[in-house]
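Below is one structure, written out as structure tokens; the observations come after it.
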Amino acid sequence: MDEKQKIDNYFERVRQNPPLMDIEKVHQIITEAKVEVKVEKGRRNFLRFTIMTTIFAIIISTFLFWPKAPEEISNSKSQRTNSNPEISGQILNSNPEISGQIPKAILQTADSLPLSEQKETTIKEDENATFFNDEVKGEIIETKRTINQFVPVGFVLSNESHKNLSKFEIDLFDTPDFDILRNDYSLWLSIKSLDNKELALGEYIFSPLNPDKRPPMSFSGAYIYPEDSILKITDGKLWIDSIFSELCISYELTFEDDVTIKMMYNSSIGSKNENSLERISNNEQEPMYPEQILDSTIFIELTREELETLGFKINNDAIELSFLNNMFTSYLDSTLTFGVIFEDVPSQKGADTVPSKINFQAEQLLISNDTFNLGHSNGEVIPMLVTDEKGGRMVKISIPEPELKLLFSKRFEKDIKTLLPVKMKKNTFGNIPQEDIVYWFLPTDEFFNRLPQNISKELFGEYEYITAEDKSTFEKPECKYFDECSNTLDVSNFKVFPNPASTKATVSFTLNEDIVGRISLVDLAGRERQVLHPQTGLAKGSHSVDVDISNTPEGIYLIALYSDKGVQVQRFIVAR
Amino acid sequence: MQLYGPVHTRLSNYCRSVAGNRSDAEDLLHDTLLAAYEQFEKIESPDRFAGYVFAIASNLFKKHLRRKKFTGNYKEKEALLLEDLGLDPELYTELAVVMHKMEQLPALQREALILFHIGDLPLEEIRNIQGGSLSAVKQRIKRGRERLMQLLTGPQRKVVTLIF
């Protein structure tokens with residue numbers, strides 16, 4: 001059978017496949033859809049009606065309360081008080097549409113309404129405030145903003161009775177350096193007293209903004225006020241507990257199509273009823289502790305010449321690196337597009353290539369084990385991940401695990417956490433790359449051959465130290481490249497598996513003494529991004545903790561066990 | 001339903017050809033049906049119904065692909081496309097090779113071939129779905145076939161899957 005026939009045969013056979021579902025099933029789907037569409041149309045009509053009514057109300061309000069220029073108002077006043085009866089009569093009796101003047105009664109109302117009263121129109125009594133005691137002045141302020149247009153908003157709450165904190169002003173605003181590429185969204189929260197004293201200022205990073213992944217959005221973090229009050233964000237709710245136990249302010253942030261900020265304020269002085277205690281005690285399990293910052297991960301930084309020795313070269317405005325017997329060539333162009341060209345006939349180099357671009361975001365090149373049938377050596381420098389310097393994943397190259405292990409240098413026998421990060425600084429090759437990029441290389445012998453000698457030596461020294469069963473026989477190295485090297489907590493068998501993980505992982509460890517600690521996910525810049533297991537007492541012995549990372553963006557992180565006795569970290573990859 | 005009946009098998013096979021496994025293919029078909037029903041009033045002419053539903057399926061597929069759905073491994077895809085045909089092992093292997101080579105084609109060429117040979121759509125409708133000129137569509141189909149022949153006649157290659 002010739003090739004043409006084979007192709008025609010293939011199409012013919014695929015056409016002969018029976019339908020994926022029978023026509024009755026299609027009927028059923030359409031019938032169900034009809035019902036849904038009817039309901040949807042009803043909703044739409046209601047929405048239209050609501051929108052039209054609101055627009056109409058806004059137009060009327062604008063007309064009624066449009067502020068007049070001071071001179072004009074004072075003229076109007078003088079007209080009302082001093083003008084002769086004829087003119088006054090004109091004001092009262094003339095048709096406003098014809099005269100273009102506002103009726104006197106309306107002028108008086110707008111003029112006499114104090115600014116504070118106008119503000120209070122946005123505040124309504126909290127119908128759900130009954131969980132606080134009867135003396136509570138519960139108030140809710142609610143506002144909605146589309147997240148992309150999130151603009152500075154301010155709230156003023158008054159609590160005249162509290163002498164220490166009489167008033168708060170809370171500003172929520174987005175950062176100008178909002179960067180959708182990294183799927184991060186920063187929200188700054190600033191809390192000030194009315195005498196402009198800053199009580200709290202913090203940046204909270206919500207990840208990811210990707211609309212596919214919300215709602216619900218979950219994030220966690222902790223912040224200590226300068227005045228020892230605690231602010232915590234967890235499961236879409238932002239809580240602020242002041243040191244004054246009788247004062248509790250809570251914010252609820254929910255992320256759907258709009259951002260809803262609901263703020264509740266409680267000033268139950270001295271007496272707390274059971275409901276409020278219950279509400280607070282529900283959250284006692286939530287993390288409440290200061291943010292800890294680890295030292296950021298140190299990358300292997302090489303000069304242009306050293307990078308060229310490693311195999312990088314510039315070609316047609318792109319930085320290229322070939323690997324696996326030159327079958328694959330990765331490139332990074334001036335538009336920050338990372339791509340891979342693979343040649344399926346290595347013997348005919350340069351010919352018959354299928355160039356394929358892989359986008360920076362969450363894409364991967366999957367190399368099947370059949371690729372290795374041709375045989376290979378350790379003479380390879382293979383990038384496995386390309387990330388930004390915080391570890392946010394840009395692209396991943398997947399090689400089946402058995403082949404991966406074969407490629408490892410004999411001196412690196414452990415798992416994937418031993419990937420070695422080489423940082424290519426911005427503009428190393430002319431104007432490329434346009435930001436700092438980190439290539440995570442497989443620890444192959446060839447990689448070490450091409451690295452500068454002193455760096456290879458340091459790497460081996462650190463690796464031997466962190467993998468040693470008994471560290472007491474080793475002199476502690478400088479700890480430049482492996483975060484695990486800087487561990488200070490007396491823990492053995494600290495493991496995270498699976499690694500890489502997609503939705504869930506298990507952290508297991510054996511403690512040699514009792515500690516109070518928590519497990520967190522930390523980015524490579526050393527910032528605590530997510531609390532995986534809240535602070536709790538951990539007894540001497542073996543522990544195993546399941547952690548949920550289903551909402552964590554892909555990337556390279558550190559799993560950190562923070563404790564009162566030190567910290568233990570391990571590199572961890574989230575990949576899906 | 002009168003309009004849809006004649007398109008059903010072709011659309012179903014299109015979904016099989018692009019999706020990674022059976023459940024993804026069923027999801028794609030299901031979503032296409034719902035979207036087609038919701039937008040039904042927008043169809044200008046009943047003659048163009050086939051092109052219309054294929055365009056929806058194509059757009060949904062691309063959309064889901066961006067969200068990394070509809071990717072499957074080689075074996076799943078093979079089972080999806082060739083499972084119900086009761087083929088003898090030799091023929092099965094032969095067709096699986098063609099299927100694999102299809103996966104290596106550039107996305108537009110592959111889609112054009114599927115729409116033309118499996119979806120049985122006229123060139124004009126393919127142009128509406130893919131964009132570009134009519135001659136560009138013809139070129140895609142022609143080059144796609146040529147490339148496929150080239151891949152089939154070349155030396156035994158390695159299996160490489162690119163996930164976009």
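Order of the sequence lines sets the chain letters (A, B, ...), proteins ahead of strands, with each chain counted from 1.
With a 4.5 Å cut-off on side-chain heavy atoms, B:Val98 and A:Phe11 do not count as touching. In this structure, the side chains of B:Ile118 and A:Glu12 stay at 4.5 Å or more apart for every pair of heavy atoms.
B:Asn13 contributes a side-chain N or O that, together with a main-chain N or O of A:Arg15, makes up a donor-acceptor pair within less than 3.5 Å. When atom types are taken as modelled, the side chain of B:Ser12 and the backbone of A:Leu20 share a donor-acceptor pair closer than 3.5 angstrom.
Scanning all heavy atoms of the two residues, the minimum distance from A:Ile23 to B:Gly5 falls at CD1-CA, 4.4 Å.
Using a 4.5 Å cut-off between heavy atoms, B:Tyr4 contacts chain A through its side chain alone, with no backbone atom that close. With a 4.5 angstrom heavy-atom cutoff, A:Lys25 does not touch chain B via any of its atoms. In this structure, chain A has no heavy atom under 4.5 Å from any part of B:Arg10.
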Report task. Take B:Met149 and A:Ile7 through the side chain to side chain contact (heavy atoms under 4.5 Å, CB included) test and state the conclusion after the steps. Result -> CA-CA 8 Å; B:Met149 301 260 283; A:Ile7 295 169; 3.7 Å; yes
Query raised in the report: Checking side chain to side chain contact (heavy atoms under 4.5 Å, CB included) for the pair B:His117/A:Tyr10: CA distance, chi angles, key distance, verdict?
Result: CA-CA 10 Å; B:His117 287 294; A:Tyr10 168 75; over 6 Å; no
Report task. Carefully, step by step, assess A:Met21 and B:His8 under the rule side chain to side chain contact (heavy atoms under 4.5 Å, CB included). Result -> CA-CA 9 Å; A:Met21 57 180 79; B:His8 181 52; 4.1 Å; yes
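The residue among B:His30, B:Met102, B:Arg145 with the most heavy atom pairs within less than 4.5 Å of chain A is B:Arg145.
Rounded to the nearest 0.5 angstrom, B:Leu148 CG and A:Lys6 NZ are separated by 11.0 Å.
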